Number of protein chains: 2
Amino acid sequence: LDADDQETVYNLVEPLHPADVADLFELIGPDYRVDLARAINDLLGSEVIAELNDYVRDDLVEDLDPDEVAELAGDMETDDAVALIQDLDEEDQQAVLAEMEPEDRAAIESALAYPEDSAGRMMSRDVIAVPEHLSVGDLIDFLREDQDLATEFWEVFIVDHKHHPVGTCALSWILRTPRSIALADVMKRDQTLIPVTMDQEEVALRFQKYALISAAVVDESGRLVGQITVDDVVHIIQEEASEDILRLSGAGDGDINEPIHLTVRTRLSWLVVNLGTAILASSVVGMFQGAIAKLALLAVLMPIVSGMGGNAGTQTLAVVVRALATNQLTSSNTIRMILREFRIALANGTTLGLMIGGGTALLFQNPLLGTVIGAAMVINNLVAGLAGILVPVTLDRLNVDPAVSSAVFVTTATDVMGFFSFLGLAVLSGLA
Amino acid sequence: LDADDQETVYNLVEPLHPADVADLFELIGPDYRVDLARAINDLLGSEVIAELNDYVRDDLVEDLDPDEVAELAGDMETDDAVALIQDLDEEDQQAVLAEMEPEDRAAIESALAYPEDSAGRMMSRDVIAVPEHLSVGDLIDFLREDQDLATEFWEVFIVDHKHHPVGTCALSWILRTPRSIALADVMKRDQTLIPVTMDQEEVALRFQKYALISAAVVDESGRLVGQITVDDVVHIIQEEASEDILRLSGAGDGDINEPIHLTVRTRLSWLVVNLGTAILASSVVGMFQGAIAKLALLAVLMPIVSGMGGNAGTQTLAVVVRALATNQLTSSNTIRMILREFRIALANGTTLGLMIGGGTALLFQNPLLGTVIGAAMVINNLVAGLAGILVPVTLDRLNVDPAVSSAVFVTTATDVMGFFSFLGLAVLSGLA
């Protein structure tokens with residue numbers, strides 16, 4: 001394929017779905033992307049661009065002139081065009097917008113006026129809104145006449161004279177209802193309205209909870225301004241869930257197409273923070289250098305206590321972060337969850353303490369050492385379980401994303417308390 | 001609310017959406033659930049039951065007679081009824097099925113015949129399938145007449161005489177097309193077909209990639225047997241993404257409604273495996289007891305090297321596990337990704353090595369110790385980066401879920417190599 005045979009490449013790519021072409025761009029290395037773009041020229045349409053990973057897209061779009069970008073954006077749905085343009089720098093944004101049709105430009109500019117990651121950025125302005133007094137037949141005639149409508153829609157929104165949504169009608173009901181019936185008699189009055197400033201994560205949770213296909217977006221005064229459809233939400237659900245795992249581990253947004261120097265910077269800043277906490281934990285060990293010099297076996301065993309605490313803390317943390325993200329853990333059941341984690345930590349700590357304590361006592365013929373490590377294990381498991389829930393819950397109350405910063409606090413707690421409880425008990429008990 | 005005032009409770013719950021009633025059941029403690037169920041009696045319909053968390057549902061359903069369960073299941077869509085019945089034990093399943101209408105029973109039995117987590121279990125059998133030769137008008141008349149059809153659908157599937165799907169038609173196109181046009185002229189011939197045995201994770205990825213609202217499910221001979229709609233897929237995307245974070249940390253399915261003894265068992269078995277690897281790592285330290293007895297400072301510093309390796313390995317692991325799960329990392333770009341992680345590890349390891357090495361040399365006035373810990377840090381970061389990608393990629397090739405078992409191998413590698421490189425270099429360099 002790299003052998004300059006553009007026609008073969010073109011013929012191979014032609015039958016593919018735009019989403020598959022986009023995948024192809026991501027899978028081949030950055031060095032081949034420009035060649036591929038050249039080979040398939042007219043197949044690289046707005047649909048492919050819309051499906052591309054942000055970084056790959058920026059790379060490709062960088063070489064285009066503003067009027068070419070404007071043309072691509074003009075062919076896209078508003079939300080995809082917004083995604084394309086919002087990543088450009090201020091100057092390029094202006095240049096591209098200047099080249100666009102006035103109508104498209106107005107739509108994109110008003111979307112960009114909403115906060116990033118809000119419903120206003122995601123929504124499509126193409127929405128079917130009709131007055132209450134229409135009959136099913138009127139509506140069908142209206143839809144057949146108006147050729148400028150959005151090509152795909154799943155629901156019709158019924159609005160009052162102030163353009164406030166009063167009901168919604170799935171297309172399947174319209175198809176199955178005789179023409180003479182009034183829309184007011186088939187529509188569903190209960191509907192989930194999305195405020196235009198709502199965060200996309202919250203939008204995704206609503207869609208999921210109420211099994212929505214599309215939903216009306218309303219502005220501050222309650223006017224219908226657009227709709228969000230589930231296909232755009234699906235990406236967000238996936239992204240938000242992935243985000244938690246990546247943030248917990250300090251891997252940034254974990255995008256494998258990100259330029260390597262950005263990845264290094266993100267991961268390194270997390271590792272440097274962790275270096276600080278590792279030094280803190282090691283200074284606890286430093287307090288007990290005398291004891292370790294007397295009994296080097298303590299240094300052999302101490303990583304077991306701290307490491308197991310870290311593992312137990314991570315378990316609790318993962319569960320709590322997901323439960324917070326999916327609104328399953330709220331102020332009404334926090335106390336119950338804390339007690340639950342405490343009981344789990346007690347059960348696990350006791351079991352592990354007996355295992356490691358018994359093993360140590362037998363192996364080194366030293367019951368006192370076994371007791372010390374067993375007790376430290378119980379203590380550190382309790383610290384892990386409590387830190388694992390209290391840290392993320394507290395951060396969440398303070399409106400800090402618990403996935404971003406919890407892990408540092410929890411592993412610091414388990415490292416410090418692991419070393420301190422084990423070495424401290426060893427000294428107290430007169431072992432060393 | 002607990003004060004026995006059933007009427008007040010009823011009135012409070014009545015206006016809620018079934019999904020909100022289900023949430024209420026999950027948020028209140030297990031002790032109050034039966035009381036709540038009693039208070040709201042007829043509001044606890046099949047829609048609420050379908051939305052309940054598995055464990056909470058099992059709890060409530062346990063007290064019901066088979067004929068009551070059968071009645072609930074009869075009111076549900078096939079996929080929800082399957083979810084309800086598949087969790088019962090064999091004997092109860094039979095009892096409930098025996099009480100059901102023959103038609104519903106047949107549908108559920110055939111769904112249960114497909115493997116768990118397959119498309120066959122998720123699909124709904126209610127699907128609109130019409131022959132090619134119909135016109136748009138014929139179709140609308142057919143839909144208006146037949147009252148037994150699924151109440152909500154988004155697409156009509158067009159089939160040939162063998163009941164093989166040949167095209168699909170979004171309802172919005174049907175509504176906008178004059179009655180006289182043949183379906184064959186408006187339908188889209190390219191469609192994504194879901195084989196009935198496809199795993200639900202793969203189904204979710206297809207929906208996401210091609211932005212589907214619904215898709216036809218076909219059996220081995222290519223016959224249309226059902227459809228899957230996006231609202232059922234949304235839950236799976238969420239679950240599968242959450243699963244990875246929970247499995248990586250060994251927290252099982254992380255369901256906060258799971259009975260506590262099951263949670264303890266899941267988490268404990270993971271911790272016991274990790275205890276094994278912790279003991280292995282500590283035995284490496286044991287090999288260097290002599291050196292530690294001479295220079296206890298080694299024991300103070302060694303957790304920094306192993307811990308930082310663990311952090312770096314977890315970052316790579318999180319990125320790789322998500323990239324594998326979303327089909328972004330395939331055999332075609334594995335080598336490129338390994339080189340990418342190697343370069344990141346080298347950059348991060350060198351930076352961290354210089355920081356901790358320089359700091360140690362200055363603080364303890366010991367340039368040799370600084371060099372040793374700096375070199376060990378570089379080595380362990382490389383081990384972390386390579387293990388972080390090689391372990392999950394290898395497991396994935398062996399068809400083992402990389403999220404389940406990778407973390408053990410990676411942290412074992414970083415612990416063992418962290419201790420070994422630091423203490424080994426210390427001895428080799430004559431430090432102790």
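Every chain is numbered from 1 and lettered A, B, ... according to where its sequence line falls, protein lines coming before strand lines. Every heavy atom of this structure was used, including side-chain atoms; hydrogens, water molecules and symmetry mates were not. For clarity, every value in this text was computed on a predicted model and none was experimentally measured.
The residue among A:Asp232, A:Asn327, A:Ile256 with the most heavy atom pairs within less than 4.5 Å of chain B is A:Ile256. Per-residue heavy-atom pair counts under 4.5 Å with chain A were compared for B:Asn274, B:Leu171, B:Leu271, and the maximum is reached by B:Leu271. Each of A:Ala19, A:Gly252, A:Gly359, A:Ser306 has some count of heavy-atom pairs under 4.5 Å with chain B, and the biggest count is that of A:Ala19. Interface remark: of the candidates B:Gly290, B:Ser242, B:Gly254, B:Ser242 forms the most heavy-atom pairs closer than 4.5 Å to chain A. Heavy-atom pairs under 4.5 Å with chain B were tallied for A:Ile260, A:Leu246, A:Asp231; the largest tally goes to A:Ile260. Counting heavy-atom pairs closer than 4.5 Å to chain B, the top residue among A:Val234, A:Leu212, A:Val284 is A:Val234. Heavy-atom pairs under 4.5 Å with chain A were tallied for B:Ile344, B:Val285, B:Ile237, B:Ile245; the largest tally goes to B:Ile245. Most heavy-atom pairs under 4.5 Å with chain B, from the set A:Ile292, A:Asn333, A:Asn348: that is A:Asn348. Listed options A:Ala204, A:Gly307, A:Gly286 were ranked by heavy-atom pairs under 4.5 angstrom with chain B; first place goes to A:Gly286. Interface remark: of the candidates B:Leu352, B:Asp415, B:Thr351, B:Leu352 forms the most heavy-atom pairs closer than 4.5 Å to chain A.
Heavy-atom distances place no part of B:Met287 under 4.5 Å from chain A, backbone and side chain included. Of the two parts of B:Asp23, only the side chain, counted from C-beta on, holds a non-hydrogen atom closer than 4.5 Å to a non-hydrogen atom of chain A. Heavy-atom distances place both the backbone and the side chain of B:Arg179 under 4.5 Å from chain A. Heavy atoms of B:Glu155 lying under 4.5 Å from chain A are absent altogether. Proximity to chain B involves both the backbone and the side chain of A:Ile279, based on heavy atoms less than 4.5 angstrom apart. Contact annotation for A:Arg340: both backbone and side-chain heavy atoms come within less than 4.5 Å of a heavy atom of chain B. For chain A, the nearby part of B:Phe419 is the side chain; its heavy atoms alone come within less than 4.5 Å. The part of B:Arg322 that comes within reach of chain A is its side chain, from C-beta onward, which places non-hydrogen atoms under 4.5 angstrom from that chain. Contacts between B:Ile213 and chain A at a heavy-atom distance below 4.5 Å involve the side chain alone, from C-beta outward. Of the two parts of B:Ile28, only the backbone, made up of N, CA, C and O, holds a non-hydrogen atom closer than 4.5 Å to a non-hydrogen atom of chain A. For a residue to count as touching a neighbouring chain, one of its non-hydrogen atoms must lie under 4.5 Å from one of that chain's; by this rule B:Val264 touches chain A with backbone and side chain alike.
With sequence neighbours left out, the side chain to side chain contact (heavy atoms under 4.5 Å, CB included) criterion links A:Ala293 to B:Ala296.
By the 4.5 Å heavy-atom criterion applied to side chains, B:Gln208 and B:Leu205 are counted as neighbours. At a threshold of 4.5 Å between non-hydrogen side-chain atoms, the residues B:Leu275 and A:Met308 count as touching.
The minimum heavy-atom distance linking B:Trp270 with B:Leu248 is given by the pair CZ2-O, 3.7 Å. Counting all heavy atoms, side chain and backbone alike, B:Ser282 lies closest to A:Ile304 at OG-CD1, 3.6 Å. When all heavy atoms are compared, the tightest approach of B:Val305 to B:Gly418 is CG1-O, 3.7 Å. Looking at every heavy atom in both residues, A:Val136 comes nearest to A:Pro178 through CB-O, 3.7 Å. Closest of all the heavy-atom pairs between B:Ile140 and A:Arg144 is CD1-NH2, 3.7 Å. Contact between B:Ala22 and B:Glu51 at its shortest, heavy atoms only, is CB-CB, 3.6 Å.
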Taking distance alone, no hydrogens or angles, what donor-acceptor pairs closer than 3.5 Å link side-chain atoms of residues 312-319 of chain B to residues at least two apart or in another chain?
residue  : atom : partner  : partner atom : Å
B:Thr314 : OG1  : B:Gly310 : O            : 2.7
B:Gln315 : NE2  : A:Gly250 : O            : 2.8
B:Gln315 : NE2  : A:Arg267 : O            : 3.3
B:Thr316 : OG1  : A:Arg267 : NH1          : 3.3
B:Thr316 : OG1  : B:Ala312 : O            : 3.4
B:Thr316 : OG1  : B:Glu341 : OE1          : 3.3

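Interatomic distance, CH2 of A:Trp154 versus CD1 of A:Ile128, reported as 12.5 Å (0.5 Å rounding).
Between the side chain of A:Glu26 and the backbone N or O of A:Asn257, no donor-acceptor pair lies under 3.5 Å.
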* Is there a salt bridge (charged side-chain N to carboxylate O under 4.0 Å, His left out) between B:Lys209 and A:Asp20 once you walk through the steps? -> CA-CA 8 Å; B:Lys209 182 167 177 183; A:Asp20 291 313; 2.5 Å; yes
